[in-house]
Enquirer: 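Structure in structure tokens, see below.
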Amino acid sequence: MTSTSPHHNSSPAQRFPVVVVGAGPAGLTIGNILRAASVDCLVLEIETREFIEQRPRAGVLEEGVVRGLQRRGLADNLLARAQRHTECEFRFDGERYRLEYAELTGVHHWVYPQQLLVTDLVREYADVRGGAIRFGVQDVELHDLDADHPSVSYTCPDTGQRQVVHCDFVAGCDGARGATRAALPAGRAHIARSDYGIGWLALLAEAPPSSDCVLFGMHPRGFAGHMPRSAEVTRYYLECPPGDDAENWSEDRVWTELQQRLGANGVPPLTEGRLIEKRVLDMHNYVVEPMVFGRLFLAGDAAHLTAPIAAKGMNLALHDAFLLGDGLVAHLTKGDGAGLDGYSTACLNRVWDCQEFSHWLSEVYHGTSSGDPYRAGTTLARLRRIFDSPTAARAFAEQYLGRHAKD
């Protein structure tokens with residue numbers, strides 16, 4: 001929530017030029033950019049450090065994003081340990097179709113689990129660059145966002161006391177359910193949302209990848225995805241009803257469906273293993289416009305969500321972080337406000353581009369299982385076009401890899 005004054009009975013106020021709420025990829029990247037420019041900031045996170053360093057999430061990074069991290073000195077471990085992916089494979093109508101997108105575009109993907117990137121970023125921010133960070137904070141509230149000097153208050157987990165931090169800017173990087181979204185002023189924030197009406201059962205298996213690349217299975221029983229994460233762990237997805245209970249999916253049922261939906265002529269069965277994560281994601285997207293409210297700047301999932309259909313979420317969050325971090329540095333060290341003034345428009349142009357691709361790709365993934373013969377037929381036509389036309393293949397590859405990958 002937002003209010004005009006912090007809570008009473010609080011400890012003496014602190015001051016930082018920037019308070020970053022949320023220690024995910026976006027918040028930590030902004031913090032690192034600020035610290036590299038000798039700008040003090042405070043990062044607030046409701047979870048523990050151990051939790052954020054172990055939380056499994058996304059893993060696919062666009063080449064342009066990795067270059068952005070590298071330019072800021074944040075990609076050393078990533079480049080040493082990440083997998084480089086240059087192709088993907090579609091399986092439908094019982095056949096397999098390989099798309100060698102690096103040959104088409106000269107661009108590739110990196111696969112690096114989000115928890116490893118977060119571990120790298122928090123170590124660089126807190127341990128190397130000396131950035132201030134508070135873990136396990138509670139009841140975060142934002143105040144006076146339309147004033148020149150807003151503030152953020154929170155309850156310290158160690159003392160139970162309210163702490164007040166005065167600042168010049170707040171970076172909201174704490175997702176859709178965080179304090180910064182709760183602080184958006186009524187009538188000024190416009191939230192566009194789209195629900196796909198489907199669910200994905202998200203799975204992590206203690207099993208080596210069954211292919212050297214990402215697999216997309218379009219099957220009348222539903223979509224299935226295979227995403228290598230490491231030599232020992234593989235991410236899988238299964239289309240399921242929205243709101244389904246993950247407990248409805250026994251290990252036997254999961255592997256039966258995966259084997260069927262990802263099966264194709266001439267390929268061996270998937271390598272099975274113990275499931276270490278199993279949760280249902282309801283597929284939906286949203287966009288908050290604008291992404292700036294007074295001295296509050298939203299980034300990542302606080303501003304927009306792109307369902308994992310297109311593997312864009314972490315990439316968009318990091319693009320936001322680059323623009324916002326650079327804009328804050330320019331304003332605070334040089335008095336140059338151009339980056340902050342153009343921040344929302346620059347981010348939203350990219351966000352809407354990815355939203356459109358997500359909708360298009362959802363139809364490719366789910367049309368064959370829709371129960372509608374017309375949708376199934378047009379879906380198969382789209383798939384065949386990708387492999388019959390070099391122009392169509394290149395157009396798909398550019399969107400899949402990030403149309404702005406060479407920025």
Enquirer: Might you confirm whether atom CZ of R188 has over 12 heavy atoms from other residues, nucleotides or ligands at distances under 6.0 Å?
Expert: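 Yes - once you tally the heavy atoms of other residues, nucleotides and ligands closer than 6.0 Å, there are more than 12.
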Enquirer: Would you call the rings of F322 and H319 parallel, tilted or perpendicular if under 30° counts as parallel and over 60° as perpendicular?
Expert: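 Judged by the thresholds at 30° and 60°, the geometry between F322 and H319 is perpendicular.
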Enquirer: Check step by step if side chain to side chain contact (heavy atoms under 4.5 Å, CB included) holds for Y400 and V214.
Expert: CA-CA 12 Å; Y400 178 58; V214 171; 4.3 Å; yes
Enquirer: With a sphere of 6.0 Å drawn around CZ of R221, does it hold more than 12 non-hydrogen atoms of other residues, nucleotides or ligands?
Expert: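 Not buried by this count: 12 neighbours or fewer within 6.0 Å.
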Enquirer: Does the side chain of E89 come under 3.5 Å of the side chain of S211 through a donor N or O and an acceptor N or O?
Expert: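 On atom types as modelled, these side chains do not qualify, holding no pair under 3.5 Å.
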Enquirer: Check this for me, if you would: do E251 and R274 make a salt bridge, where the nitrogen-to-carboxylate-oxygen distance has to be below 4.0 angstrom?
Expert: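 Salt bridge between E251 and R274, a charged N being under 4.0 Å from a carboxylate O: no.
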Enquirer: Is there a donor-acceptor pair closer than 3.5 Å between any side-chain N or O of D282 and the backbone N or O of G243?
Expert: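 Such a contact is found between D282 side chain and G243 backbone.
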Enquirer: Can you find a side-chain donor-acceptor pair between Q355 and N285 that sits under 3.5 Å?
Expert: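 N285 and Q355 do have a side-chain donor-acceptor pair below 3.5 Å.
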Enquirer: With a 6.0 Å cut-off on the ring centroids, do F169 and H331 count as close?
Expert: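 Yes, they do, as the ring centres are separated by less than 6.0 Å.
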Enquirer: Looking at N32, is its backbone amide N or carbonyl O close enough to the side chain of R129 to form a donor-acceptor pair, meaning the two atoms are under 3.5 Å apart?
Expert: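 Judged by distance alone, yes, a pair lies under 3.5 Å.
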Enquirer: Parallel, tilted or perpendicular: which fits the ring planes of Y236 and W255, with parallel below 30° and perpendicular above 60°?
Expert: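 Correct class here is perpendicular.
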Enquirer: I'd like to know if the side chain of D195 reaches the main chain of H284, judged simply by a donor and an acceptor atom lying under 3.5 Å from each other, with no hydrogens or angles considered.
Expert: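 Side chain of D195 to backbone of H284, a donor-acceptor pair under 3.5 Å: no, none is there.
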Enquirer: So among V292, L324, L332, D326, which one has a side chain to side chain contact (heavy atoms under 4.5 Å, CB included) with L340?
Expert: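 Going through the options one by one, the only one that passes is L324.
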Enquirer: Does the side chain of S194 come under 3.5 Å of the side chain of H359 through a donor N or O and an acceptor N or O?
Expert: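 A donor-acceptor contact under 3.5 Å links the two side chains.
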Enquirer: Just by distance, with hydrogens left out, do H149 and D168 show a side-chain donor and acceptor under 3.5 Å apart?
Expert: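 Distance-only check passes for H149 and D168.
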Enquirer: Taking atom types as modelled and ignoring hydrogens, do the side chains of H190 and E289 form a donor-acceptor contact shorter than 3.5 angstrom?
Expert: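 No, because no side-chain N or O of H190 sits under 3.5 Å from a partner of the opposite role on E289.
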Enquirer: My understanding is that only one of F92, F396, F90 makes a ring pair (Phe, Tyr, Trp, His ring centres under 6.0 Å) with Y97; could you say which?
Expert: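 Testing each of F92, F396, F90 against Y97, the sole residue satisfying ring pair (Phe, Tyr, Trp, His ring centres under 6.0 Å) is F92.
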Enquirer: Between Y101 and E398, is there a donor-acceptor pair closer than 3.5 Å when you use the side chain of the first and the backbone of the second?
Expert: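 Judged by distance alone, no pair lies under 3.5 Å.
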Enquirer: Which word best sums up how the rings of F223 and W200 line up, parallel for under 30°, tilted for 30 to 60°, or perpendicular for over 60°?
Expert: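 It falls in the parallel class, under 30°.
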Enquirer: Flag the pair K312 and D353 as a salt bridge only when some basic side-chain nitrogen lies within less than 4.0 angstrom of an acidic carboxylate oxygen.
Expert: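 Between D353 and K312 there is no salt bridge, as every charged N stays at least 4.0 Å from the carboxylate O atoms.
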Enquirer: From the options V165, V19, V21, D139, select the one residue that forms a side chain to side chain contact (heavy atoms under 4.5 Å, CB included) with Y154.
Expert: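 Of the listed residues V165, V19, V21, D139, the side chain to side chain contact (heavy atoms under 4.5 Å, CB included) partner of Y154 is V165.
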Enquirer: Donor-acceptor check, side chain of E63 to backbone of H108, threshold 3.5 angstrom: yes or no?
Expert: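 Indeed, once roles are kept as given, a pair shorter than 3.5 Å links the two residues.
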Enquirer: Answer yes or no: is there an ion pair linking R253 with D244, defined by an N-O contact shorter than 4.0 Å?
Expert: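 D244 and R253: not salt-bridged.
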Enquirer: Is there a donor-acceptor pair closer than 3.5 Å between any side-chain N or O of D372 and the backbone N or O of Y374?
Expert: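 At least one qualifying donor-acceptor pair exists.
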Enquirer: Between H226 (side chain) and C213 (backbone), is there a donor-acceptor pair under 3.5 Å?
Expert: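 The answer is yes, because a donor-acceptor pair under 3.5 Å joins these two groups.
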